[in-house]
2 protein chains.
Amino acid sequence: MSLEVPAHNNHAEKPASRIRQKNEQAIIQAAEDQFARHGYKGTSMNTIATSAGLPKANLHYYFTNKLGLYVAVLSNILELWDSAFNTLTADDDPAEALTRYIRAKMEFSRRQPQASRIFAMEIISGGECLTEYFSQDYRAWFSGRAAVFQAWIDAGKMDPIDPVHLIFLLWGSTQHYADFATQICRVTGRTKLTKNDMEDAGTNLIHIILKGCGIKPPF
Amino acid sequence: MSLEVPAHNNHAEKPASRIRQKNEQAIIQAAEDQFARHGYKGTSMNTIATSAGLPKANLHYYFTNKLGLYVAVLSNILELWDSAFNTLTADDDPAEALTRYIRAKMEFSRRQPQASRIFAMEIISGGECLTEYFSQDYRAWFSGRAAVFQAWIDAGKMDPIDPVHLIFLLWGSTQHYADFATQICRVTGRTKLTKNDMEDAGTNLIHIILKGCGIKPPF
DNA sequence: GTCTATACACAGATAGAC
DNA sequence: GTCTATCTGTGTATAGAC
């Protein structure tokens, strides 16, 4: 479920020096920023280097090449994503669990919008860098997640919604607030989405989706 | 509400020759394909030219530069988008009108996924090419659309959902099936989304959103 | 480990023959 | 209107001094 990060200079004995760790992190952070703003092709190694406060050649020292750096960034992102979804179980109360999940996803959209955007652009343009991520393992994991909703349905706790489409609705509606923030701001006359805006959005989603699935809120 | 298309060789008297019209269309079509697959920066004029069956220099004859061509493509796309949303009115029956709208958006996601993807990538990367599109006019238009939902709420036809967030839910959930088709296919083991898949998805969305908004379906 | 200098490929754009 | 040849900038990547 995680991608290979080709850090070609990892001499097996040493556990990565402090200076290496610090630089790698700075580079990845800068790269995340730039990739999110300009896409893979639109970002130059030079820009990343400047933004990280390092000379360009150093990037090539830490990461074999541009693609390697990009994959490292993606990998860093994906670790964050899966965790939230894994907390749902068949034994949970649907209202409580879904509310918690939607809140978590909205919080993620608020705090890590760049991560969401890089992932979105990668998928939109074919997602070839994620081929190994969408492996057999991932399909199995996804089925397992869908099974939780099916269990709720079988237990009569919610309407017989196709779990797969419900997942896409959850993903699409929450990520929209990260990926399309620019449009949302322009259209509503805001300059940025505040914490309050995001909470309101979350509350709305929770209302519509829970009620739409025939789940009675506990409050 | 529409963008300027800088076709610098439009001598005011002539209404664009047949050959010009044909070539421009071929170029725009090829450009749409390439921009959707590789983004703005990732697409080269050369690739577009080859894909359109013309020498590279011809593109520069018809469109001042790469950005001009890109804006022409975007403009072409946006004309399609607004029309569907304009059909909703305060007098409509919410169930019928929303059902029709969701079906229309899903049909658009199915038939013009590239258009949706270009728009998405443009927005994600800041949407600077759409600055004039998101003008005062557009904000007014958007408010007008939101007012339709508010009218339904005031008439007691649906729950007091924030109309603005409802619109984002409608946009996000339907466009997700165009923009993230790659992920959906990989995760569900499909090679492409069929007409049936898209209809199922639409049916699900209609169920959840209508019920979630407290709208009684007429069927 | 770090960074300057540079090789090499390809991009966008244009000049000018046809 | 069309297309070949070419200019110029920028990008990735690396060689090699420190």
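Side chains included, hydrogens not; waters and symmetry mates left out as well; all remaining heavy atoms used. It should be emphasised that the depicted structure is a prediction, and the values quoted were computed from it without experimental measurement. Chain letters run A, B, ... following the sequence lines, proteins first, then strands; residues in each count from 1.
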Asks: Apply ring pair (Phe, Tyr, Trp, His ring centres under 6.0 Å) to A:His207 and list each qualifying residue two or more places apart in sequence or on a separate chain.
Replies: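 If we apply the ring pair (Phe, Tyr, Trp, His ring centres under 6.0 Å) test to A:His207, skipping adjacent residues, there are no hits.
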Asks: For B:His165 and A:Tyr177, run ring-ring contact (aromatic ring centres under 6.0 Å, His included): C-alpha distance rounded to whole Å, both residues' side-chain angles, the deciding distance at 0.1 Å, then the answer.
Replies: CA-CA 10 Å; B:His165 287 298; A:Tyr177 285 92; 5.8 Å; yes
Asks: Taking ring pair (Phe, Tyr, Trp, His ring centres under 6.0 Å) as the definition, give me every residue that meets it alongside B:Phe108, ordered by chain and number, with sequence neighbours left out.
Replies: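 For B:Phe108 the ring pair (Phe, Tyr, Trp, His ring centres under 6.0 Å) partners, ignoring immediate neighbours, are B:Trp81.
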Asks: What is the distance, to the nearest angstrom, from the NZ atom on A:Lys66 to the P atom on D:dT14?
Replies: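 These atoms are roughly 15 Å apart.
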Asks: Just how far, in rounded Å, is P of C:dA11 from NZ of A:Lys41?
Replies: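 After rounding, the gap between these two atoms is 8 Å.
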Asks: Which ones in residues 42-50 of chain A lie close to DNA chain C, meaning a heavy atom under 4.0 Å from one of its atoms?
Replies: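 Those residues whose heavy atoms fall under 4.0 Å from DNA chain C, taken from residues 42-50 of chain A, amount to none.
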Asks: Does a side chain donor of either A:Glu32 or A:Asn76 reach within less than 3.5 Å of an acceptor in the other side chain?
Replies: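 The criterion, which ignores hydrogens and geometry beyond distance, is not satisfied for A:Asn76 and A:Glu32.
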Asks: How close or far is atom P of C:dG12 from atom OH of B:Tyr70, stated in whole angstroms?
Replies: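 It is 14 Å, rounded to the nearest whole Å.
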Asks: Counting N and O atoms only, with roles assigned by atom type, does the side chain of B:Asp33 sit under 3.5 Å from a partner on the main chain of B:Ala30, one being a donor and the other an acceptor?
Replies: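 A pair under 3.5 Å: no.
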Asks: So, A:Thr203 versus A:Arg103: side-chain donor-acceptor pair below 3.5 Å or not?
Replies: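 A:Thr203 vs A:Arg103: donor-acceptor pair found between side chains.
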Asks: Can you name the atoms? Protein N/O to nucleotides 2-8 of chain C N/O, anything below 3.5 Å, with the distance.
Replies:
{"residue": "C:dT2", "atom": "OP2", "partner": "A:Tyr62", "partner atom": "OH", "Å": "2.7"}
{"residue": "C:dC3", "atom": "OP2", "partner": "A:Asn58", "partner atom": "ND2", "Å": "3.2"}

Asks: Bend across the helix from C:dG1-D:dC18 to C:dC18-D:dG1, to 10°, with axes taken over 5 pairs at each end?
Replies: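 Terminal axis comparison yields 0°.
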Asks: Can you tell me how the ring of A:Tyr70 sits relative to the ring of A:Phe35, calling it parallel under 30°, perpendicular over 60° and tilted otherwise?
Replies: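 Ring orientation of A:Tyr70 relative to A:Phe35: perpendicular.
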Asks: Please check this pair: side chain of B:Thr43 against backbone of B:Gln34, looking for a donor-acceptor N/O pair closer than 3.5 Å.
Replies: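 Judged by distance alone, yes, a pair lies under 3.5 Å.
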Asks: What is the distance, to the nearest angstrom, from the CD atom on B:Gln34 to the C1' atom on C:dA11?
Replies: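 In whole Å, C:dA11 C1' lies 15 Å from B:Gln34 CD.
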Asks: Using a 6.0 Å distance limit plus a 45 degree cone around the ring axis, check whether A:Lys66 lies over the aromatic ring of A:Tyr40.
Replies: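 Relative to the ring axis of A:Tyr40, which defines the angle, A:Lys66 lies inside both limits.
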Asks: B:Asn65 has an atom CG; how far is it from atom P of D:dG9, in whole Å?
Replies: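 Atom CG in B:Asn65 sits about 17 Å away from atom P in D:dG9.
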Asks: So, OP1 or OP2 of D:dT14: does either fall under 4.0 Å of a side-chain N or O from A:His60?
Replies: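 It does not, given that no N or O in the side chain of A:His60 lies less than 4.0 Å from OP1 or OP2 of D:dT14.
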Asks: Can you name the ring pair (Phe, Tyr, Trp, His ring centres under 6.0 Å) partners of B:Phe180, sequence neighbours left out?
Replies: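 Residues passing ring pair (Phe, Tyr, Trp, His ring centres under 6.0 Å) with B:Phe180: B:His176.
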Asks: For B:Trp141 and B:Asn86, does a side-chain donor sit closer than 3.5 Å to a side-chain acceptor?
Replies: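 A pair is found: one side chain offers a donor N or O, the other an acceptor, under 3.5 Å apart.
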